[in-house]
Amino acid sequence: MRQIPLGYVATYGDVASLAQLPGHARLVGYALHALPEYSDVPWQRVINAQGKLSLGRAYPGGDLHQRHLLEAEGIVFDANGNIDLKRFRWQP
DNA sequence: GTGATGACGGAAT
DNA sequence: TATTCCGCCATCA
């Protein structure tokens, strides 16, 4: 995840593949759930394949925090609160 | 030991 | 395009 450049995002599936675990997107999500808040890992750059934030499922309202962090990095959200993957998805 | 669940994804309908 | 269903496997009750 630390490979994700500032200003870009990656999906859970992408991170799983990068970790040589294709098809194990759920484990990535589970791993993030276990991350401490003070971690230096840019967990906010990982979103689901629909271009939406999934943090809301674990911490109600927490997606607002994530959105703020991403906006501070230059990510733009559309009117529906989604991210345009065609434009911001990190493609190595 | 067992079954249910989840920061998901992709195929099927 | 929108829903639903199933596979994935570490955790937890």
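The figures that follow rest on heavy atoms only: side chains count, while hydrogens, waters and symmetry mates do not.
Ring orientation note: the planes of A:H33 and A:Y59 are nearly perpendicular, at an angle over 60° on the 30°/60° scale.
Distance A:N82 CG to C:dT1 P: 14 Å, rounded to the nearest Å. Put simply, CD1 on A:I4 is 19 Å from P on B:dA7, counting in whole angstrom units. Rounded to an integer number of Å, the gap from CG of A:L32 to C1' of C:dC9 is 16 Å. In this structure, the CD atom of A:Q50 is 10 Å from the C1' atom of B:dG10, given to the nearest Å. A:D63 has its CG atom 17 Å from the C1' atom of B:dC8, to the nearest Å. Rounded to an integer number of Å, the gap from A:L27 CG to C:dC12 P is 14 Å. One interatomic measurement links the two molecules: CZ of A:R26 to P of B:dG10, which rounds to 14 Å at whole-angstrom precision. In this structure, A:R89 places its CZ atom 13 Å from C1' of B:dC8, rounding to the nearest Å.
Candidate nucleotides B:dG6, C:dT11, B:dA7 were compared by shortest atom distance to the side chain of A:Y30, and C:dT11 ranks first. For A:N48, whose side chain is taken as the heavy atoms from C-beta onward, the closest listed nucleotide among B:dC8, B:dA7, C:dA10 is B:dC8.
Across all strands, A:G13 comes closer than 4.0 Å only to sugar-phosphate atoms, never to a base (heavy-atom distances).
At least one side-chain nitrogen or oxygen of A:H24 sits closer than 4.0 Å to the OP1 or OP2 atom of C:dC9.
Between the side chains of A:D14 and A:T11, a donor-acceptor pair is found at a separation under 3.5 Å.
The side chain to side chain contact (heavy atoms under 4.5 Å, CB included) test with A:V46 is passed by exactly one of A:L32, A:V9, A:V41: A:L32.
A salt bridge links A:R2 with A:D40: at least one charged nitrogen is closer than 4.0 Å to a carboxylate oxygen.
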